[in-house]
Amino acid sequence: MRRLKRDPMERAFLRGYQHGIHGKSRELCPFTHPNTRQAWMNGWREGRGDNWDGMIGTAGLHRMNQFHAVG
């Protein structure tokens with residue numbers, strides 16, 4: 001069965017979220033295209049906020065699954 005690729009903006013958001021939740025710098029953003037970079041930064045901000053709120057480990061993974069399920 002063929003799998004559909006996820007939306008590039010969703011993928012950028014999720015990658016940014018992963019960086020943010022792990023406390024990595026926003027300077028590590030690999031994207032140069034403005035829209036994709038913005039999606040990554042939005043994800044990073046969400047992840048960073050969750051990191052500060054203590055949503056690490058299982059709670060962080062649950063939150064990330066919520067983002068994935070919505071998209």
Side-chain angles (χ1 to χ4, degrees):
M1 183 172 205
R2 187 173 161 181
R3 292 180 61 182
L4 297 175
K5 289 188 176 182
R6 280 188 255 149
D7 176 33
M9 297 303 163
E10 178 188 353
R11 290 177 59 214
F13 180 90
L14 291 173
R15 287 177 63 189
Y17 183 85
Q18 289 171 345
H19 275 73
I21 197 75
H22 290 106
K24 295 182 181 178
S25 172
R26 67 180 177 194
E27 301 299 322
L28 295 174
C29 179
F31 300 103
T32 56
H33 188 272
N35 291 338
T36 311
R37 184 172 177 82
Q38 187 62 46
W40 191 94
M41 291 297 287
N42 289 341
W44 181 85
R45 284 187 198 98
E46 286 284 333
R48 199 69 172 145
D50 287 350
N51 179 293
W52 290 334
D53 291 340
M55 298 192 82
I56 54 176
T58 306
L61 289 175
H62 177 67
R63 176 104 162 123
M64 197 166 116
N65 286 336
Q66 285 178 330
F67 288 134
H68 182 59
V70 170

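All residue numbers in this chain count up from 1 along the given sequence. Every value quoted in this text rests on a predicted model; they were computed, and no experiment measured them.
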Which residue pairs pass the side-chain hydrogen bond (donor to acceptor under 3.5 Å, both in side chains) test with at least one member in residues 21-32, sequence neighbours excluded?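 Output for this query is empty, none listed.
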Once you round to the nearest 0.5 Å, how far does CG of Asn51 lie from CD1 of Ile21?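 Result: 5.5 Å between the selected atoms.
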Heavy-atom side-chain proximity of Cys29 to His19 below 4.5 angstrom: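 Of all side-chain heavy-atom pairs linking His19 with Cys29, none is under 4.5 Å.
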Starting from Trp44, walk the hydrophobic network (Ile, Leu, Val, Met, Phe, Trp, Tyr; side-chain heavy atoms closer than 4.5 Å) and list everyone else you reach, by chain and number.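 Grouped by the 4.5 Å side-chain rule, Phe31, Trp40, Met41 form the rest of the cluster around Trp44.
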Contacts of Asn42 that satisfy side chain to side chain donor-acceptor pair (under 3.5 Å) - sequence neighbours left out: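 Only Gln38, Arg45 meet the side chain to side chain donor-acceptor pair (under 3.5 Å) criterion with Asn42.
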